[in-house]
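It should be emphasised that the depicted structure is a prediction, and the values quoted were computed from it without experimental measurement.
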Amino acid sequence: MNCKKIQEWILTDYLDGEMSQDQKDVLEKHISSCSECKRFLFAAKETVVEPFVNSKKDYLSESVVWEKIQEEIQDEKEAAYAYAEESGFLKRVKDILFSPKPAFALGTFAVILLLIVTVNSSRQQVQLVKNNQVQQIVLIQDQSESEEVETFSQEEYLAYFLEENDSYEGYGTSLESYFL
Amino acid sequence: MQTITEDIINRAIEGDEQAFEAIYKVYFRFVSNVSYRIVSKKEEAEEVSQEVFMAIYRKLHTFRQESSLKTWVYRVTINCALKYAQKKSKERKGMFEYDEANPIASPEKDAREKIDFQANEKLVQRLLNHLNLEQRTCIVLRSIEGLSYKEIANTLKIPINTVRTRIKRAREAMIVLRREAVAYEL
């Protein structure tokens, strides 16, 4: 067994008690007869084992950290409680507004479709009514025009009649005067 | 030390504060020591420890009870501490690090008897600061917390030979550092 391999074992399994008794016997036999490996073992123990064995292990205060943890747990519980409170009416409203269900989506679509159809048909009706009104207006205009013609004719006729009367003024007067 | 039974775990999952406190008391020493040795600062170690126990509090229901709670807590601790250390390391990048720029000075030239507690603490911190995070984690778990290679392998989810290699390289690096320090002092 060479010194390099022995020193590797010293640094790991031997110092850490991970060796089987047989391996340990082999290693210790070598060390007892090799001054270099003996020195290496001594230096390794002093340098990489003892400082850690003697190190302090209670830097933090158990009660201080526990207090902080309790505060954080309390904060979490309060946040959870606030969320549960909110999950009443407000949450239901929020859910309806921000996360519509398929049934709501279908209903909304149906309402929108109905509105479009209704608005469209009412517009058509309005158009029809407008058309009828226009037709009626045209008819009325036509009628009024024809009435105007008639009226004109009557006026003309009257004028004519008056003229005629005027032209027959003598008869009327004489007749009146005859009866009178 | 109180043993954490299945009943205590179940009660903690259901929100029993006393049961959670029992878990806290059993694992506080491990969590706080490992956190401190990985992040190196007391205030930061407090933050990491708090984070670890809050993670345990929130995720205990995901713990499968056929495995060991101890391994699970160790794993949560290492994950939180390494994540925190990596974040801090990025933030500190480019800043002057005294420990990296200078070889360590031995607390006292000779006599091991004269090595006082504070000097030993400085030495431990400087040795650990000289290692990369992977090596440092293995040394903390092995040399400070006394975990076996198998326990370290289970905690870090790596093969046992990888644990052995990391420990060997870490110790070689620490020996070289001490030799440089001795040569510097002479």
Side-chain angles (χ1 to χ4, degrees), chain A residues 2-20 23-24 27 36-81 83-84, chain B residues 15 17 20-21 24-25 28-33 35-37 42 45-47 49-54 56-58 107 112 115 117-128 139-140 142-150 160 163-165 167-175 177-179:
Chain A
N2 64 35
C3 291
K4 198 186 167 196
K5 189 71 193 167
I6 290 288
Q7 287 174 13
E8 269 183 26
W9 275 6
I10 288 173
L11 275 188
T12 53
D13 296 56
Y14 185 70
L15 285 178
D16 293 326
E18 297 270 342
M19 273 186 152
S20 67
Q23 288 174 312
K24 213 173 160 185
L27 189 134
E36 197 191 326
C37 287
K38 200 183 277 180
R39 276 203 304 274
F40 183 82
L41 173 62
F42 178 76
K45 272 187 180 173
E46 193 189 49
T47 311
V48 299
V49 177
E50 283 173 15
F52 296 104
V53 172
N54 298 325
S55 67
K56 194 180 171 184
K57 294 193 173 60
D58 50 357
Y59 267 100
L60 307 188
S61 156
E62 191 178 304
S63 57
V64 169
V65 178
W66 178 241
E67 223 168 85
K68 288 182 180 177
I69 290 167
Q70 275 185 312
E71 273 174 30
E72 199 173 341
I73 289 174
Q74 194 56 40
D75 288 348
E76 268 194 15
K77 278 181 181 170
E78 277 169 19
Y81 182 74
Y83 180 78
Chain B
E17 204 174 290
F20 180 65
E21 195 176 357
Y24 173 80
K25 282 185 172 168
F28 173 76
R29 200 176 153 89
F30 174 87
V31 172
S32 61
N33 281 334
S35 302
Y36 177 74
R37 292 302 177 187
K42 196 183 161 191
E46 274 184 2
E47 268 183 54
S49 300
Q50 190 177 339
E51 213 173 280
V52 169
F53 283 106
M54 285 311 294
I56 293 169
Y57 176 78
R58 292 183 194 116
R112 283 167 55 200
I115 295 176
F117 192 73
Q118 273 190 325
N120 188 62
E121 279 310 294
K122 277 186 183 175
L123 174 64
V124 167
Q125 215 49 53
R126 284 174 181 177
L127 288 171
L128 289 175
I139 290 295
V140 168
R142 173 60 227 149
S143 300
I144 298 179
E145 293 305 318
L147 268 66
S148 68
Y149 288 2
K150 198 181 170 190
I160 206 162
V163 174
R164 190 174 276 112
T165 306
I167 287 177
K168 184 176 83 81
R169 288 191 182 148
R171 286 175 173 163
E172 282 170 351
M174 289 190 282
I175 287 172
L177 190 72
R178 285 300 297 273
R179 272 189 196 142

Quick check on [X] against chain B: is it the side chain, the backbone, both or neither that has a heavy atom closer than 4.5 Å?
X: Ile10(A); value: neither
X: Gln70(A); value: side chain
X: Glu62(A); value: both

Please report the closest heavy-atom contact between Pro51(A) and Asn120(B), naming both atoms and the distance.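 Of all heavy-atom pairs spanning Pro51(A) and Asn120(B), the closest is O-ND2, 3.0 Å.
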List the atom of Ser143(B), the atom of Val48(A), and the distance in Å for their closest heavy-atom pair.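 Looking at all heavy atoms of both residues, the shortest contact is OG-O, 4.2 Å.
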ring-ring contact (aromatic ring centres under 6.0 Å, His included) with Phe20(B): which residues, sequence neighbours excluded?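 Counting only residues at least two positions away or on another chain, Phe20(B) forms a ring-ring contact (aromatic ring centres under 6.0 Å, His included) with Trp66(A), Tyr57(B).
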Looking at Glu46(B), Glu145(B), Met54(B), which has the largest count of heavy-atom pairs under 4.5 Å with chain A?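 Between Glu46(B), Glu145(B), Met54(B), the count favours Met54(B).
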Does any heavy atom of chain A fall under 4.5 Å from the side chain of [X], the backbone, both, or neither of them?
X: Arg171(B); answer: both
X: Glu21(B); answer: both
X: Glu172(B); answer: both

Starting at [atom1] of [X], measure out to [atom2] of [Y] and round the result to the nearest 0.5 Å.
X: Glu8(A); Y: Lys168(B); atom1: CD; atom2: NZ; result: 4.0 Å
X: Ile175(B); Y: Thr47(A); atom1: CD1; atom2: OG1; result: 6.0 Å
X: Glu121(B); Y: Asn54(A); atom1: CD; atom2: CG; result: 9.5 Å
X: Asp58(A); Y: Tyr36(B); atom1: CG; atom2: OH; result: 11.0 Å
X: Phe52(A); Y: Met174(B); atom1: CZ; atom2: CE; result: 4.5 Å
X: Arg58(B); Y: Glu76(A); atom1: CZ; atom2: CD; result: 4.0 Å

Step by step, would you call Leu60(A) with Ser49(B) a side chain to side chain contact (heavy atoms under 4.5 Å, CB included)? CA-CA 9 Å; Leu60(A) 307 188; Ser49(B) 300; 3.5 Å; yes
Applying side chain to side chain contact (heavy atoms under 4.5 Å, CB included), name anything that partners Ser63(A), two or more places apart in sequence or on another chain.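 Residues passing side chain to side chain contact (heavy atoms under 4.5 Å, CB included) with Ser63(A): Ser61(A).
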Donor-acceptor under 3.5 Å (Glu18(A) side chain, Tyr149(B) main chain):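 Side chain of Glu18(A) to backbone of Tyr149(B): a pair is present.
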Within 6.0 angstrom of Lys150(B) NZ, more than 12 heavy atoms from elsewhere: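 No, the 6.0 Å shell around NZ holds no more than 12 heavy atoms from other groups.
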